[in-house]
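Because the structure is predicted, anything quoted here is derived from the model rather than measured.
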Amino acid sequence: GGSTPRTSSRIPRGKLGESIKNLLRSNPEKAFKPREIAEALDIKGTAVSLWLNKSGQEDPELKRIPTGPEGKRFVYTVN
């Protein structure tokens, strides 16, 4: 059997925030779930969530919008 190697676009840690913000900036009318950001950038959702939880909260360019029944989940857009 021929196995195709999985190519995952490795985004360096320092560049992840920039990639996320570029994605949000290019779709200013849309609020993204972390999973949607991950799919668009072709990276793991955990990497996106970790960055958003750690660096995203202090980032003035990012806007966190509570969603879901208890407001425990967030969607993200640009300020």
Side-chain angles (χ1 to χ4, degrees):
S3 66
T4 55
R6 247 193 72 132
T7 55
S8 158
S9 48
R10 276 265 157 261
I11 298 176
R13 198 169 278 291
K15 291 273 195 300
L16 180 58
E18 212 38 57
S19 302
I20 291 173
K21 287 189 281 188
N22 284 338
L23 173 68
L24 297 183
R25 278 190 212 112
S26 55
N27 302 275
E29 74 294 334
K30 181 169 164 49
F32 286 85
K33 296 175 184 162
R35 195 189 44 170
E36 293 173 323
I37 296 173
E39 283 171 9
L41 298 176
D42 190 32
I43 53 174
K44 284 200 178 91
T46 47
V48 171
S49 295
L50 280 174
W51 185 87
L52 290 169
N53 290 338
K54 216 165 77 176
S55 314
Q57 291 185 14
E58 287 106 57
D59 199 306
E61 286 184 78
L62 288 182
K63 187 172 176 186
R64 257 165 56 122
I65 304 164
T67 181
E70 290 114 40
K72 287 188 179 157
R73 295 183 174 276
F74 296 91
V75 291
Y76 295 84
T77 184
V78 276
N79 259 332

Margin query: How close do Tyr76 and Pro34 get, counting heavy atoms only, and between which atoms?
Written below: CE1-CG, 3.9 Å
Note to self: With rounding to the nearest 0.5 angstrom, report the OG to NZ distance, Ser49 to Lys44.
What the structure shows: 13.0 Å
Next item on the list: Find out whether Asn27 and Glu29 are in side-chain contact, i.e. whether some heavy atom of one side chain is under 4.5 Å from a heavy atom of the other.
Entry: yes
Next item on the list: Provide the closest heavy-atom pair for Val78 versus Lys21 in the form atom of the first, atom of the second, distance.
Entry: CG1-O, 4.3 Å
Note to self: Minimum heavy-atom separation for Leu52 and Ile37, please, with both atom names.
What the structure shows: CD1-CD1, 4.3 Å
Checklist line | Straight-line distance of Leu41 CG to Lys15 NZ, nearest 0.5 Å | finding: 14.0 Å
Item checked: Hydrophobic cluster membership, Val75 vs Leu50, 4.5 Å side-chain cutoff -> no
Next item on the list: Using a 4.5 Å cut-off on heavy atoms from C-beta on, say whether the side chain of Leu24 contacts that of Glu61.
Entry: no
Notebook entry, point to check: Are Arg73 and Lys33 close enough that some pair of their side-chain heavy atoms sits under 4.5 Å apart?
Noted result: no
Item checked: For the student: nearest non-hydrogen atoms of Ile65 and Ala31, plus distance -> CD1-CB, 4.4 Å
Check: What closest approach, in Å, do Thr77 and Lys30 show between heavy atoms, and which atom pair accounts for it?
Finding: OG1-O, 3.5 Å
Item checked: Approximate separation, where rounding is to 0.5 Å, of Ile20 CD1 and Trp51 CH2 -> 5.0 Å
Next item on the list: Can you establish whether the number of heavy atoms outside Arg25 located under 6.0 Å from its atom CZ is more than 12?
Entry: yes
